[in-house]
Amino acid sequence: MRKFERRICILAIIFVSLYIGAIIITIHSRIKTETRIERIESPAMEPGESMIMLAELFPPMLLLLVITVCFIIVRKKRAITLARLAEEDHQDLND
């Protein structure tokens with residue numbers, strides 16, 4: 001993989017990890033402690049919905065993580081296949 005692709009993959013994995021960590025910390029802090037901070041929320045929101053505001057973005061973050069991991073796997077398999085083909089070509093030229 002090129003440096004640019006490697007950096008993008010690492011940044012995507014770090015971003016998803018931080019976001020999932022933020023979800024866990026936020027939900028844990030909202031459940032365990034009373035909120036004394038004034039928050040602006042929709043009046044139509046149910047009391048339980050405020051606990052999962054960050055968690056509703058979990059599926060897109062998971063999708064980004066899966067795409068990144070699949071991209072890494074495909075790039076490595078492609079590199080292995082190209083190396084194998086180059087080796088076969090080199091052997092055919094020597095024969």
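Please read all numbers here as calculations on a predicted model, not as lab measurements. Along the sequence shown, residues carry numbers from 1.
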### Query
Are Ile72 and Ile14 co-members of a hydrophobic cluster defined by side-chain heavy atoms under 4.5 Å apart?
no
### Query
Do Ile13 and Phe15 share a hydrophobic cluster (ILVMFWY, side-chain heavy atoms under 4.5 Å, transitive)?
yes
### Query
Atom CG of Leu82 and atom CG of Asp89: how far apart are they, to the nearest 0.5 Å?
10.5 Å
### Rounded distance [0.5 Å steps], CD1 in Ile10 versus OG1 in Thr68
11.0 Å
## Note on the structure
Taken in chain and number order and not counting sequence neighbours, the residues that satisfy side chain to side chain contact (heavy atoms under 4.5 Å, CB included) with Ile20 are Val16, Ile24, Phe58
